[in-house]
Amino acid sequence: MHKNKTNNELNTKLDAVSKSLKRSIKNLDSYTHVRGESLYVDDVNMRQGTFHAVVFDSPKAHGKIKHIDYSKAEALEGVIRIFSYKDIPGQNEIGGIIADEPLFAEKDVHFWGMPIALIVAKTEFIARKARGLIDIEIEDLPVITTAKEAKAKGSFINAPRSFSLGDSEKAFTNCDYIFEGETFSNGQEHLYIEAQGAYAEPMENGNIKITSSTQGPTAVQKTVARVLGVAMHKIEVDVTRLGGGFGGKEDQATPWAVMAALATYHLNQSVKLILNRHDDLRMTGKRHPYESTYKIGLSKDLKILAYEAEFLQNAGAAADLSPAVAERTLFHATNSYYVPNVEVTVASCRTNLPPNTAFRGFGGPQGMFVIESAIAKAAHEIGVHPRAIQEANLLDENDTFSYGQIAKKVEAKNSWNSAKSIYDLDALEQEVKDFNSNNSSFKKGIALMPICFGISFTNTPMNHARALVHIYLDGSVGISTAAVEMGQGVNTKMMQIAANVFSIPIEKIKIETTNTTRVANTSPSAASSTADLNGKATLMACNALVERLKLVASEDLNVSEKDITFKNEVIYVNDKKTDLTWTELISKAMLKRVALTENAHYATPEIHFDKTKEKGHPFAYHVYGTAITTVTVDCTRGTYEFDSVKIVHDYGKSMSEGIDLGQVEGALAQGIGWMTMEEIAYNEDGRLLSNALSTYKIPDIFSVPKDVEVIPVETQGHELAILKSKAVGEPPLMYGIGAYFAIQNAIKAFNPNYDLKFHAPMTPEKVLMGLYGNKK
Ligand code: LUZ
Ligand code: MOS
């Protein structure tokens with residue numbers, strides 16, 4: 001263990017030192033991005049003779065494989081070999097949480113797009129051509145595509161789970177209002193710009209090196225070892241960066257890396273497997289669709305006294321991360337409200353869709369959509385604005401979450417009230433009213449969306465990371481961590497930390513690739529926690545090196561260690577400049593045989609959770625904020641444009657304002673897309689219909705809000721956040737939920753008889769039906 005005591009002093013010091021750096025900091029990667037020089041898996045220099053692979057997948061969603069004929073494909077000139085489950089030397093198993101997912105289908109297929117074989121050829125073109133020559137006969141079995149059907153047939157991944165607080169049944173007897181209803185939220189395609197892929201190379205003694213586009217290098221390493229039946233140390237996984245992940249590469253980058261490694265294992269040649277967009281869309285899982293029911297009870301003064309919900313999660317054909325996603329739904333079932341009596345249950349339903357997986361928010365957004373729907377329904381029936389109910393129930397200091405954690409440093413009311421006053425909500429609402437009374441074919445709607453998102457992997461043992469820091473003899477620095485750069489700017493944050501602690505320019509620091517031989521046994525870069533976990537480890541390693549170097553300097557300058565500080569590559573004593581520079585100090589340390597390498601391990605303190613009681617303190621802290629969304633609906637066409645989204649967000653004390661703002665804007669657009677235009681469609685045979693960008697629309701520059709404003713809420717940050725700079729990756733996605741309700745309010749302005757529906761996404765078709773359904 002390393003000294004933690006200096007963290008606080010350091011935080012304070014850094015506040016001062018980093019002001020200028022923090023404002024000017026740009027994403028380190030932007031330089032190579034804009035020149036097209038950033039390296040992805042597809043850019044790795046291939047060895048001479050590298051083979052190319054294409055996956056042969058199931059053309060049915062559920063069935064028994066009667067017969068496969070590979071002979072024509074195998075006979076094609078340039079085809080090297082076709083691999084199936086029969087070629088697996090270890091286990092044909094890739095399930096992470098539950099062992100229920102084969103790498104290649106054996107006797108049965110469970111989803112359309114399920115991998116059956118890997119075709120390896122001299123070129124990708126030949127492999128694709130060979131794929132078309134494979135004959136397969138599948139006997140159809142019944143296909144389940146929805147969670148409700150799965151529930152009716154008793155098709156589950158695991159046992160359902162419930163969180164409970166107070167006594168909701170009893171509380172309902174004291175309610176003045178009770179409302180019940182149903183909601184649906186659809187899946188969402190990750191649409192990372194870089195599709196899934198991996199490149200495997202044979203090393204000596206049967207070792208394999210894999211370059212993978214994965215958020216979880218250790219998951220890849222572990223699974224390759226399992227499937228090949230070899231020790232983990234034979235497998236090295238290296239990641240430079242990803243062209244986006246969004247959760248889609250937390251677990252589902254693994255199979256492609258395993259397949260490439262399997263071919264390399266047999267052929268002793270390097271193999272590249274990159275999915276094209278069509279294959280990626282068809283074969284990979286997405287955000288989980290949820291079908292839910294709720295019951296909400298309120299008092300006359302609009303306090304939510306009781307809330308019950310049942311969440312049916314469409315898990316797809318295998319567990320993947322579904323149980324963990326389901327758990328996070330329960331953790332976020334009451335969003336940023338205090339509800340004294342709660343009973344919420346989630347069931348992961350097994351269907352014949354590709355296994356659904358992690359997606360920014362990880363089940364949290366699905367849970368939050370349901371309580372927001374319940375509030376909208378209650379407000380509509382009671383005849384008040386939804387924000388009256390939202391406001392009456394915001395979480396307060398020392399309130400208890402249904403899972404037992406006591407809310408501390410709560411910013412729910414702070415961010416809500418700040419948003420109202422900073423953006424002058426009264427004026428905004430008056431504008432909407434005026435507009436609506438002066439326009440008959442366009443209507444505006446406004447909605448507020450508070451968020452509260454728990455930071456930490458809900459699975460406590462995953463909350464750890466390590467950093468390996470080398471100072472080279474010329475004073476330059478190399479840092480390895482478990483953090484995977486996927487566009488979120490985590491490498492820039494790691495670099496800022498080291499630059500601040502050592503007080504050297506960023507040019508002297510290099511963030512190395514993420515590699516399992518330098519940092520082992522890592523958790524994936526996920527759960528918004530990457531910068532916290534790896535940043536704390538980096539801070540600890542750098543601090544330990546500074547302590548050591550101060551000792552060298554104190555001996556050299558003949559002063560006390562305590563009086564030494566490092567500033568802009570020069571050593572200071574009692575704030576007075578000396579002649580000793582950073583580079584000279586490093587040389588002196590070398591001559592004294594002082595170690596210039598440090599490896600630090602950080603594990604989040606304080607967190608714990610008891611699944612047998614479903615109580616504990618799972619989150620290091622929560623992130624809060626409030627968004628005000630204004631939309632204009634074209635009541636002739638059902639289309640809509642977002643005038644503005646005005647946000648007050650709890651960054652804590654942002655260490656990289658530009659990067660964090662980018663995360664908020666990106667997450668907001670992604671959340672709005674999920675709620676409004678992104679429509680995943682499978683037919684009843686389980687075939688993906690929205691299988692191209694012509695049929696699956698994501699927000700583009702024309703459909704993002706015309707105006708996005710983000711103002712930091714004034715908060716103290718949190719000790720468990722890196723330099724008090726709170727996690728920012730996932731929380732702002734949920735501001736997008738406000739888009740659904742803003743549109744709904746515009747529809748209500750046009751058609752007061754509109755029968756509220758909670759069926760996302762709110763596509764223009766659904767808007768039209770809302771505008772004219774029941775219209776007098
Ligand atoms: N991944 C995970 C996550 O394994 N556990 C989590 O709690 C989580 N939360 C958000 C996103 N990914
Ligand atoms: Mo994630 S949804 O990989 O943080």
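Both ligands and their constituent atoms are indexed starting at 1 by order of listing. For the numbers below, each heavy atom of this structure counts, side chains included, while hydrogens, waters and symmetry mates do not. Since the model is a prediction, treat every value here as computed from it, not as a measurement.
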*Can a salt bridge be assigned to the pair Lys249 and Glu194 using a cut-off of 4.0 Å between side-chain N and carboxylate O?*
yes

*May I ask you to check whether Tyr624 and His649 place their ring centers less than 6.0 Å from one another?*
no

*asked:* List ligand 2 atoms under 4.0 Å from Phe362, heavy atoms only on the residue side.
replied: 2 (S)

*Counting heavy atoms only, which part of Ala526 comes closer than 4.0 Å to ligand 2: side chain, backbone, both or neither?*
both

_Would Thr458 count as a polar contact of ligand 1, with the cut-off being nitrogen or oxygen pairs under 3.5 Å?_
yes

*Any donor-acceptor pair under 3.5 Å linking the side chain of Ser523 with the backbone of Met462?*
yes

_Just to confirm my output: which protein heavy-atom neighbour is closest to atom 9 (N) of ligand 1, and how far is it?_
Arg328 NE, 2.8 Å

*asked:* A cation-pi test, strictly: NZ or CZ of Arg282 under 6.0 Å from the centre of the six-membered ring of Trp112 and no more than 45 degrees from its axis. Yes or no?
replied: no

*Side chain, backbone, both or neither: the part of Ala358 lying under 4.0 Å from ligand 1 by heavy atom*: neither

*Would you say Asn459 has any N or O atom under 3.5 Å from an N or O of ligand 1, going by distance alone?*
no

*So with a 6.0 Å cut-off around NZ of Lys697, is the heavy-atom count from everything else above 12?*
no

*Distance to 0.1 Å, residue and atom name: give those for the protein heavy atom nearest to atom 6 (C) of ligand 1.*
Phe362 CE2, 3.5 Å

*asked:* Between Asn314 and Thr351, is the side-chain hydrogen bond (donor to acceptor under 3.5 Å, both in side chains) condition met? List the steps.
replied: CA-CA 7 Å; Asn314 188 333; Thr351 63; 2.6 Å; yes

_What's the separation between atom NE2 in His622 and atom OG in Ser336, rounded to the nearest 0.5 Å?_
10.5 Å

*asked:* With heavy-atom distances below 4.0 Å as the criterion, list the atoms of ligand 2 near Phe359.
replied: 2 (S)

*Nearest option to atom 3 (O) of ligand 2, as decided by whichever heavy atom of Gln252, Arg360, Glu250, Lys249 sits closest*: Glu250

*Is the distance between the ring centroids of Phe453 and Phe331 less than 6.0 Å?*
no

_Plane angle bin for Tyr192 and His190 - parallel if under 30°, tilted between 30 and 60°, otherwise perpendicular_ = parallel

*According to the interplanar angle, ranging from 0 to 90°, do the rings of Phe741 and Phe369 count as parallel (below 30°), tilted (30 to 60°) or perpendicular (above 60°)?*
tilted

*Identify the protein heavy atom lying closest to atom 4 (O) of ligand 2, giving its residue, its atom name and the separation to 0.1 Å.*
Ala527 N, 2.6 Å

*Residue Gly247 vicinity, atoms of ligand 2 by number, heavy atom under 4.0 Å*: 1 (Mo), 2 (S), 3 (O)

*Heavy-atom contact under 4.0 Å between Met462 and ligand 1?*
yes

*Which pair of heavy atoms, one from Ala620 and one from Thr604, lies closest together, and at what distance?*
CB-CG2, 3.9 Å

_Please work out, at 4.0 Å between heavy atoms, whether the side chain, the backbone, both, or neither of Phe457 comes within that distance of ligand 1._
both

*Could you establish whether Glu730 and ligand 1 come within less than 4.0 Å of each other, counting only heavy atoms on the residue side?*
yes

*For atom 1 (N) of ligand 1, what is the nearest protein heavy atom, given as residue, atom name and distance?*
Glu250 OE2, 2.9 Å

*Which atoms of ligand 2 sit under 4.0 Å from any heavy atom of Gln215?*
3 (O)

*Enumerate the atoms of ligand 2 whose separation from the nearest heavy atom of Glu730 is less than 4.0 angstrom.*
2 (S), 4 (O)

